[in-house]
Protein chains: 2
Amino acid sequence: MTTPRRPPRTGFLVSQLGAFAAARFAELIKPAGLTPATAGVLRIIAMEPGLSQRELATRLGSVPSRVVVLVDSLEGAGLVSRTRDPADRRHHRLDATDAGRRVLGTLRTAAETQSRDILEPLEPEEREAFSAIVAKLAAAHGLDPDVHTGYGRKDAGDAARG
Amino acid sequence: MTTPRRPPRTGFLVSQLGAFAAARFAELIKPAGLTPATAGVLRIIAMEPGLSQRELATRLGSVPSRVVVLVDSLEGAGLVSRTRDPADRRHHRLDATDAGRRVLGTLRTAAETQSRDILEPLEPEEREAFSAIVAKLAAAHGLDPDVHTGYGRKDAGDAARG
DNA sequence: TATTGTTATACTCTATAACTATA
DNA sequence: TATAGTTATAGAGTATAACAATA
């Protein structure tokens, strides 16, 4: 063998670091009554006003019944509105409310705090290098920061295949 | 503000990358009848022969009833044995069987494949830099590659605090 | 009485299937 | 009949509480 005795633990540690990051973010947004899943949905709806629940399910790589639960939560908190589409009354248009848009600022602050907390042990040059490589890997693997279902691939249908 | 318009998405992307890595590992060990949780437990038991379930629960930052389920699964698959401690018959000594030790090789191969798949988009120098920084972050945040409960801190009791 | 492990139970998350209303 | 959304139900995964065996 050509490589030294170092075990291949980078993959394990990436998993652990990701779980740590997710837990930290969850903790930071909990006071706002949000979870990583609902926060991601709020961001998507704010970016794509008038989205239908069916489209949102596709975007999340999830199923309509799951979307009902997530939107129920956001609507109950007054952050998102459901409006029947007059053109086709089967559709619900989803939009962020004023309160929902204000919460986006809170989410941004939480994301900044999360990133700062995670990167805190590093030297400034290491932070730059790490952030750049993480961005490259996320892009190469097709990951979407707003999708907190499964493992967040943009083309969520192919999750089972290698 | 002093920084440019770049959003602080490194934390999000670390979460997504971690979930992606975990899903890939889960997929790789599924044919062996293992999950990330049971694989981590098998590794711990192999490294610390004779561990009790109570000690394992502490090690995992989990509860005894959870350990029962995990050990049941490994024992049912013939990978781990429970033996009553003659000195104190309340304790169960946990040990990896021969089959369990053989599966450790499979786990190592899976971890190698997982790491290779994740790092594949990077240049060789980037891989080195990334692995070193991930190791530094994991150490600084007290993460344990065998703990797949919650977010895997070695001192699992303090999970709720910042 | 205290400790180890187990069982019973419940809660969360997420999916499938059946159903309602619209078209 | 086909589609959007909802409800009912079920299955993981993980926790708390009650319990049995042992000390």
Side-chain angles (χ1 to χ4, degrees), chain A residues 15 19 22-23 26 30 33-41 45 50-76 80-95 147-153 156-157 159-160, chain B residues 19 22-23 26-27 30 33-41 45 50-76 80-95 147-153 156-157 159-160:
Chain A
S15 298
K30 192 168 187 176
L34 295 176
T35 64
T38 53
V41 168
I45 292 174
L51 204 67
S52 76
Q53 293 187 194
R54 178 71 57 167
E55 290 164 333
L56 181 55
T58 303
R59 182 88 162 65
L60 292 172
S62 186
V63 291
S65 64
R66 171 84 182 118
V67 169
V68 169
V69 176
L70 293 169
V71 173
D72 277 354
S73 169
L74 288 165
E75 192 185 35
V80 157
S81 66
R82 276 180 173 112
T83 317
R84 279 208 179 278
D85 184 342
D88 183 341
R89 290 175 45 75
R90 291 175 301 183
H91 289 73
H92 279 168
R93 288 178 48 90
L94 301 174
D95 291 283
V147 174
H148 288 257
T149 300
Y151 55 95
R153 292 194 79 164
Chain B
E27 194 179 352
K30 192 168 189 177
L34 295 176
T35 63
T38 54
V41 168
I45 292 174
L51 203 68
S52 76
Q53 293 187 193
R54 177 71 56 169
E55 290 164 332
L56 181 55
T58 303
R59 182 90 161 64
L60 293 173
S62 186
V63 292
S65 63
R66 170 84 182 119
V67 169
V68 170
V69 176
L70 293 169
V71 173
D72 277 355
S73 169
L74 287 165
E75 191 185 35
V80 156
S81 66
R82 277 179 172 110
T83 317
R84 279 208 178 277
D85 185 342
D88 183 341
R89 291 175 45 74
R90 291 174 302 183
H91 289 75
H92 280 168
R93 287 178 48 92
L94 300 174
D95 292 282
V147 174
H148 288 256
T149 301
Y151 56 95
R153 292 195 77 164

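Chain naming here is simple, since letters A, B, ... match the order of the sequence lines and numbering starts at 1 in each. Computed from a prediction, not measured in an experiment: that's the story for all the values here. Computed over heavy atoms, backbone and side chain alike; hydrogens, waters and symmetry mates excluded.
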Practice item. Return no unless some side-chain N or O of A:Ser65 is found under 4.0 Å from OP1 or OP2 of C:dT16. Key: no

Review point. How close do A:Arg82 and A:Val68 get, heavy atom to heavy atom, and via which atoms?
Key: NH2-O, 3.5 Å

Review point. Rounded to the nearest Å, what distance is computed from the CZ atom of residue A:Arg84 to the C1' atom of nucleotide C:dA21?
Key: 7 Å

Point to revise | Any B:His91 side-chain nitrogen or oxygen under 4.0 Å from OP1 or OP2 of D:dT22 | key: no

Review point. What distance do B:Arg84 atom CZ and B:His92 atom NE2 have between them, rounded to the nearest 0.5 Å?
Key: 4.0 Å

Practice item. Starting at atom CG of A:Asp88, determine the distance to atom P of C:dT22, rounded to an integer number of angstrom. Key: 11 Å

Review point. Are any of A:Arg90's side-chain N or O atoms less than 4.0 Å away from OP1 or OP2 of C:dA23?
Key: no

Exercise for review: Specify the residue among A:Thr35 and A:Pro86 whose closest nucleotide of DNA chain C lies further upstream toward the 5′ end.
Suggested key: A:Thr35

Point to revise | Below 4.0 Å: OP1/OP2 of C:dT6 and any side-chain N or O of B:Arg82 | key: yes

Check your understanding: What distance do B:Leu56 atom CG and B:Leu51 atom CG have between them, rounded to the nearest 0.5 Å?
Key -> 5.5 Å

Point to revise | Nearest-angstrom distance from the residue atom CD of B:Gln53 to C1' of C:dT3 | key: 13 Å

Point to revise | Side chain B:Ser73, main chain B:Val69, donor-acceptor under 3.5 Å | key: no

Point to revise | Rounded interatomic separation in angstrom, taking CG from B:Asp72 and C1' from D:dG13 | key: 15 Å

Point to revise | Length of the line joining A:Leu70:CG and C:dA15:C1', which is rounded to integer Å | key: 13 Å

Practice item. Send over the distance from B:Arg54 CZ to C:dT6 P, rounded to a whole Å. Key: 11 Å

Review point. Which one, C:dA17, D:dG5, C:dA23, comes nearest to the side chain of A:Ser52?
Key: D:dG5

Check your understanding: Once you round to the nearest 0.5 Å, how far does OG1 of B:Thr38 lie from CD1 of B:Ile45?
Key -> 10.0 Å

Check your understanding: In whole Å, what is the span from the NE2 atom of B:His92 to the P atom of D:dA21?
Key -> 13 Å

Exercise for review: Please report, rounded to the nearest Å, how far the C1' atom of D:dA4 is from the CG atom of A:Leu51.
Suggested key: 13 Å

Point to revise | Closest to the B:Arg89 side chain, choosing from D:dA23, D:dT16, D:dT7 | key: D:dA23

